[in-house]
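Right, one structure below, let's go through it.
Chain identifiers are assigned alphabetically (A, B, ...) following the order of the sequence lines, protein sequences preceding nucleic acid strands; residue numbering begins at 1 within each chain.
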2 protein chains.
Amino acid sequence: MAQLPPVVARMWGREPVPRRGPRPRLDLAAITAAAIEIADAEGLAGVSMSAVATRLGVAPMALYRYVGNKDDLLIVMADSAVPPPPDPGGLTWRDYLAAWTRANRDILLARPWLLSIQGDTPPAGPQRLRWLDRALQALGETPLDDGEKFNTVTALTGYALTSATLVHATGAGGREGEAGIAGAAEYGEILAEVLDPQAYPTLSAMMSSGLLGRSEDWVEDADFTFGLDLLLDGVEALIRRRTRRRHDRK
Amino acid sequence: MAQLPPVVARMWGREPVPRRGPRPRLDLAAITAAAIEIADAEGLAGVSMSAVATRLGVAPMALYRYVGNKDDLLIVMADSAVPPPPDPGGLTWRDYLAAWTRANRDILLARPWLLSIQGDTPPAGPQRLRWLDRALQALGETPLDDGEKFNTVTALTGYALTSATLVHATGAGGREGEAGIAGAAEYGEILAEVLDPQAYPTLSAMMSSGLLGRSEDWVEDADFTFGLDLLLDGVEALIRRRTRRRHDRK
DNA sequence: CAATAACTGTGTACGTCATACACTATAAGT
DNA sequence: ACTTATAGTGTATGACGTACACAGTTATTG
């Protein structure tokens, strides 16, 4: 039997309840909440152990009774910063997954610092797994097998993540500053300025025709919806294939 | 006109050539190469300014003549760690994009530390843009408009990224250790152990039926190919639609 | 009721890291 | 020969993560 990594165990409240000693003034939830507030306000860079401790009115070392180290804290943050998934109120699988993916992306836009954590962590907390569960549930009625469902969700997750990254990186998400590029328009200009049409024929042609000039629409639904439909069309095609002649996968 | 952020400028060799002073012993390429070697060997955590400097036989502060700060260095690394994209040797758009996406994922599997950087950075370096260019080029013959092409590539990139993350996170990629979970099987066990069937009906059912038990296949092509085809089917459907009745987008 | 054991939060200390600043050495232009 | 811009160095600083020993607190045990 595999042992639960300590933080994961605590995320699920599977830690033995202490029977002796002073009543704890903190708990994992409070610590995480404080850390998230800081991240929202100042970005991940502002989240230091002392900053979190200060906000809780506590010495930095106190936190180590609840998290093994800072990485642990980040993992827990990455889970509890995620709100519950949308409710499947009698929607078709397609409508639900569309809403699901958009909500997914919106979370990442609202908390860009999640981008720096999620890219590295498998979903193992209650929230992220609830999202996973709901998406799989939406596919429950379809003739896809488990692996296919799982991969479908993976693809959707990836799309949400990449879209959010793009929006955030080009600055259209609102925040700018930081390391340089601040806005899709400027991004386009920079590319146009630098691209050698010979080495980058297609891209530079696109840039001169002003693709990214008007691309504050990255945040708008139009572009996002397009890619989303792309994926869902693929799923739908597969489902139709499976429905017509029912045979095993592969 | 937008100014080039200094690092980006240097990535493209657009820096004024120095006319006086001692001959430089370093250049951005050498620094980046050293940093990448360290990242490959010890992970991103091993990449400190002093570590890189030591490897180059130079004082840490010397690096700051070439990069403004450490984040700059990471940005440059994220670009130059990427090899040239596969060659479109008379392939159909579909075959090429399939190869392209798989190659994309393989890079991320070979250098997992890229996952921690790419999630945050827009592609602005020569390598990443070359990849973008080739993918767009592959779609050149299709009736999709520029925005649609761009979004298609975004979706594919996202899929590669998420797949790689999943493989790497569940440990099937080879490396383990670090923060806990080490291997898809163990991951599955942990989930099975922790999931309340009432709160996670679908997911826990899948787990008990052993979905992740046999999922060392995540690295295998089977699962990856499935999701990829999902996407490409979507693209193909769109192309067919566009080809039949040719009207503007939206 | 006293003694013990388990637990919480603190204070201090250390090693690492990114980076600012002042300096020396070097080579090109005058 | 002299000036001047540049390259790499040495030293210093402040922030950060975290190890460790301790003091205070509470439930359990005798």
Please classify the nucleic acid contact of B/Ala59 as base, sugar-phosphate, or nothing, using heavy-atom distances under 4.0 Å.
sugar-phosphate
Please report, rounded to the nearest Å, how far the [atom2] atom of [N] is from the [atom1] atom of [X].
X       : N      : atom1 : atom2 : result
A/Arg25 : D/dT26 : CZ    : C1'   : 16 Å
B/Leu74 : C/dA18 : CG    : P     : 9 Å
A/Asp27 : C/dC7  : CG    : P     : 17 Å
B/Leu56 : D/dG8  : CG    : P     : 10 Å
A/Glu42 : D/dC16 : CD    : P     : 10 Å

Base versus backbone protein contacts along nucleotides 19-30 of chain C [heavy-atom cut-off under 4.0 Å; B, S, -]
BBB---BBBBS-
Using residues 27-36 of chain B as the side-chain source, report each donor-acceptor pair under 3.5 Å to any protein atom, sequence neighbours left out, with the distance given to one decimal.
residue	atom	partner	partner atom	Å
B/Asp27	OD1	B/Ala30	N	2.9
B/Thr32	OG1	B/Leu28	O	2.6

Does A/Asp196 have any side chain to side chain contact (heavy atoms under 4.5 Å, CB included) partners at least two apart in sequence or in another chain, and if so, which?
A/Gln198, A/Ala199
So, using side chain to side chain contact (heavy atoms under 4.5 Å, CB included) as the criterion, who are the partners of A/Ala45 when residues are at least two apart?
none
Write out all pairs satisfying side-chain hydrogen bond (donor to acceptor under 3.5 Å, both in side chains) with one or both partners inside residues 49-65 of chain A, taking only residues at least two apart or from two chains.
A/Glu37-A/Arg55
Could you check whether any side-chain heavy atom of A/Asp79 comes within less than 4.5 Å of a side-chain heavy atom of A/Ile75, counting everything from C-beta outward?
no
Across all chains, not counting sequence neighbours, the ring pair (Phe, Tyr, Trp, His ring centres under 6.0 Å) partners of A/Tyr200 are B/Trp12
